[in-house]
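Below is one structure; the comments refer to it alone.
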Amino acid sequence: MRITAAGSLPGTEFRGALGAVSEVLADILALPELPQRGVGSQLVGRALGLIDGLDFDLQPAGWRLTSGSGADHRRARSQWRFDLDDTEELLQGFRGVLKVAVAGPWTLAASVERPSGDRLLADHGARRELAQALAEGVALLLADLSARLPEATLRLQVDEPMVVAVAEGGVPTASGFSRHRRVHAPELSSALEMFTSLESTAVLHCCAAGQWLSLARSSRFTAASIDLRLFEEPRSRDDVGQWIAGGNSAVVGVVDSSSPSVQPADQLVTRALDFLRPMGLDPDMLRHQVVLGTSCGLAGWALRDVVPQLEQLRRSGELLDEQLVR
């Protein structure tokens with residue numbers, strides 16, 4: 001069974017991180033994200049670094065839409081250029097699958113402030129404009145990567161840790177005394193479809209509790225990345241089973257990234273079997289449509305533990321292939 005990882009890693013050295021994971025994530029290589037480098041490399045800032053035509057600045061309360069780019073926004077843009085140059089150099093001749101992750105439009109809308117204060121989420125026009133600008137930036141990123149690595153197969157991962165809160169009206173206002181109004185499903189899907197139109201096998205990744213696979217389906221995603229721990233209830237597991245039975249792919253996060261210690265392969269296999277077998281699906285279907293991964297990023301881990309954990313994950317994929325036919 002194939003394996004991958006969410007993307008974020010500890011440390012600040014991109015070349016070393018890419019070199020290390022490229023050896024162990026041979027199935028689906030996740031382009032490293034290194035949030036410890038600073039705000040421009042963290043989830044929100046990294047995505048904003050792809051946006052041209054809108055300007056942002058880092059304020060005491062966080063990122064804000066402004067009339068001119070601040071130094072942190074300019075650095076985030078520059079960091080992408082350096083990372084892409086290193087990627088081109090280190091992955092020359094790469095013929096595998098390269099997965100690049102970017103924060104999605106709803107997580108950005110729930111995290112970035114308007115010029116007048118409070119979240120962009122409160123402004124219909126602003127959140128639509130943000131989604132369009134982000135989609136344009138991602139399109140340019142994919143085109144750039146394709147030109148640099150013409151033999152690679154690119155995959156886009158859209159990280160949406162805030163989408164459940166946005167859908168359920170759970171995002172607090174600036175005062176903290178109220179909540180932003182929930183965004184209804186058609187608008188949620190419309191923004192996310194901008195990204196599935198860019199890459200037909202895009203992955204929607206959400207590590208928040210809640211029922212979001214229906215949103216993935218309506219937004220035309222054909223792959224979803226889940227934290228296994230949040231889908232262990234029978235109803236939730238049935239949702240994943242229906243997702244897979246419908247011909248879609250699932251990255252099942254068997255590595256608990258919230259527990260920063262190496263989890264052995266046999267433990268990962270047990271988690272996967274306990275989750276997958278009750279679905280009653282054909283083993284061949286599971287082998288082709290399920291990928292083993294991490295529940296979320298590994299940025300909070302000790303650097304020395306990352307490669308050993310990914311090696312255990314790779315071993316668990318090999319063992320699971322054998323176990324599924326029993």
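Taking hydrophobic clusters as Ile, Leu, Val, Met, Phe, Trp and Tyr residues chained together by side-chain heavy-atom distances below 4.5 Å, Leu298 does not share a cluster with Val251. Under the 4.5 Å side-chain heavy-atom criterion for ILVMFWY residues, no single connected hydrophobic cluster contains both Leu43 and Ile51. Following chains of ILVMFWY side-chain contacts shorter than 4.5 Å, one can reach Leu313 starting from Leu31, so the two form part of one hydrophobic cluster. Residues Trp212 and Val183 share a single hydrophobic cluster, defined by chaining ILVMFWY side chains whose heavy atoms lie under 4.5 Å apart. In the hydrophobic clustering of ILVMFWY residues, with side-chain heavy atoms under 4.5 Å counting as a link, Val24 and Phe94 come out together.
In this structure, Trp106 contributes its side chain and Met162 its backbone to no donor-acceptor pair below 3.5 Å. Between the side chain of Arg46 and the main chain of Ala101, a donor-acceptor pair closer than 3.5 Å is present. Of the possible polar contacts, one joining the Ser218 side chain to the Leu215 backbone as a donor-acceptor pair under 3.5 Å is found. When atom types are taken as modelled, the side chain of Lys99 and the backbone of Ala5 share a donor-acceptor pair closer than 3.5 angstrom. No donor-acceptor distance shorter than 3.5 angstrom exists from the side chain of Glu160 to the backbone of Cys206, with no hydrogens or angles considered. With hydrogens and angles ignored, the 3.5 Å screen pairs a side-chain donor or acceptor of Glu199 with a backbone N or O of Leu156. No donor-acceptor pair closer than 3.5 Å links the side chain of Arg220 to the backbone N or O of Thr196. The backbone N or O of Gly104 lies less than 3.5 Å from no partner atom in the side chain of Thr107, so there is not a single donor-acceptor pair. The closest donor-acceptor contact from the side chain of Gln309 to the backbone of Gln263 lies under 3.5 Å. Panel note: side chain Ser259, backbone Asp256; no donor-acceptor pair is recorded below 3.5 Å.
Nearest heavy-atom pair across Asp227 and Phe231 is O-CD1, 3.5 Å. What you find for Leu134 and Pro105 is that their closest heavy atoms are CD2-N, 3.8 Å. Residues Arg15 and Asp86 share a closest heavy-atom pair of NH1-OD1, 3.1 Å. Minimum heavy-atom separation, Ala30 to Val21: O-CG2, 4.2 Å. Closest approach of Asp55 and Gly68 over heavy atoms only: CB-C, 3.4 Å. Nearest heavy-atom pair, Thr222 versus Thr201, reported as atom, atom and distance to 0.1 Å: OG1-CA, 3.5 Å.
Salt bridge status for Arg182 with Glu168: absent, with no side-chain N to carboxylate O gap under 4.0 Å. Ion pair Arg287/Asp284 flagged as a salt bridge, since at least one NZ, NE, NH1 or NH2 atom sits closer than 4.0 Å to an Asp/Glu carboxylate oxygen.
Annotation: the span from Glu13 atom CD to Leu303 atom CG amounts to 10.0 Å, rounded to 0.5 Å. A distance of 12.0 Å separates CG of Leu29 from OG1 of Thr153, quoted to the nearest 0.5 Å. Separating the CG atom in Leu90 from the CZ atom in Phe14 is a distance of 7.5 Å, to the nearest 0.5 Å. Rounded to the nearest 0.5 angstrom, Leu65 CG and Gln59 CD are separated by 11.0 Å. Rounding to the nearest 0.5 angstrom, the gap separating the CD atom in Gln323 from the CG atom in Asp266 is 10.5 Å. Once rounded to the nearest 0.5 Å, the distance linking CG of Leu141 with CG of Leu84 reads 6.0 Å.
Side chains of Trp80 and Leu50 form a contact here, defined as non-hydrogen atoms less than 4.5 Å apart. Side-chain contact check for His124 versus Glu187: some heavy-atom pair is nearer than 4.5 Å. Inter-residue side-chain proximity for His73 and Leu58 is flagged as unmet; no heavy-atom pair is nearer than 4.5 Å. Proximity of Pro283 to Met285: side-chain heavy atoms (C-beta onward) are nowhere separated by under 4.5 Å. When side chains are defined from C-beta on, Leu228 counts as touching Glu232, because their heavy atoms get closer than 4.5 Å. The closest side-chain heavy-atom distance from Val100 to Leu142 is below 4.5 Å. Taking 4.5 Å as the limit, every side-chain heavy atom of Ser249 sits out of range of all side-chain heavy atoms of Trp243. No side-chain heavy atom of Thr294 sits less than 4.5 Å from a side-chain heavy atom of Trp301.
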Item to complete: Begin from the C-alpha positions of Asp57 and Arg64 and carry the test salt bridge (Lys or Arg N to Asp or Glu O under 4.0 Å) through to its verdict.
Response: CA-CA 5 Å; Asp57 186 33; Arg64 175 175 286 186; over 6 Å; no
Q. Step by step, would you call Leu108 with Trp63 a side chain to side chain contact (heavy atoms under 4.5 Å, CB included)?
A. CA-CA 10 Å; Leu108 292 191; Trp63 288 99; over 6 Å; no
* Between Leu268 and Val255, does a side chain to side chain contact (heavy atoms under 4.5 Å, CB included) hold up when you go through it step by step? -> CA-CA 7 Å; Leu268 303 181; Val255 175; 3.9 Å; yes
Take Asp27 and Thr4 through the side chain to side chain contact (heavy atoms under 4.5 Å, CB included) test and state the conclusion after the steps. CA-CA 7 Å; Asp27 298 323; Thr4 190; over 6 Å; no
Checklist line | Verdict with supporting geometry, Val291 and Val252, side chain to side chain contact (heavy atoms under 4.5 Å, CB included) | finding: CA-CA 6 Å; Val291 177; Val252 177; over 6 Å; no
Exercise. Carefully, step by step, assess Asp72 and Arg75 under the rule salt bridge (Lys or Arg N to Asp or Glu O under 4.0 Å).
Key: CA-CA 5 Å; Asp72 292 291; Arg75 278 193 289 268; 2.9 Å; yes
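When only modelled atom types and interatomic distance are considered, Asp159 and Gln157 share a side-chain donor-acceptor pair under 3.5 Å. A donor and an acceptor atom, one from each side chain of Gln79 and Asp83, are located under 3.5 Å apart. When only modelled atom types and interatomic distance are considered, Thr87 and Arg148 share no side-chain donor-acceptor pair under 3.5 Å. Arg229 and Ser258 form a side-chain donor-acceptor contact under 3.5 Å, judged by distance and modelled atom types alone. No hydrogens or angles considered: a donor-acceptor pair under 3.5 Å links the side chains of Arg81 and Ser78. Defined by atom type and a distance below 3.5 Å, a donor-acceptor pair is present between the side-chain atoms of Ser295 and Ser257.
The neighbour count for Arg179 CZ, taken as heavy atoms of other residues, nucleotides or ligands under 6.0 Å away, is above 12. Open room surrounds CD on Glu233; 12 or fewer heavy atoms of other groups in view lie less than 6.0 Å from it.
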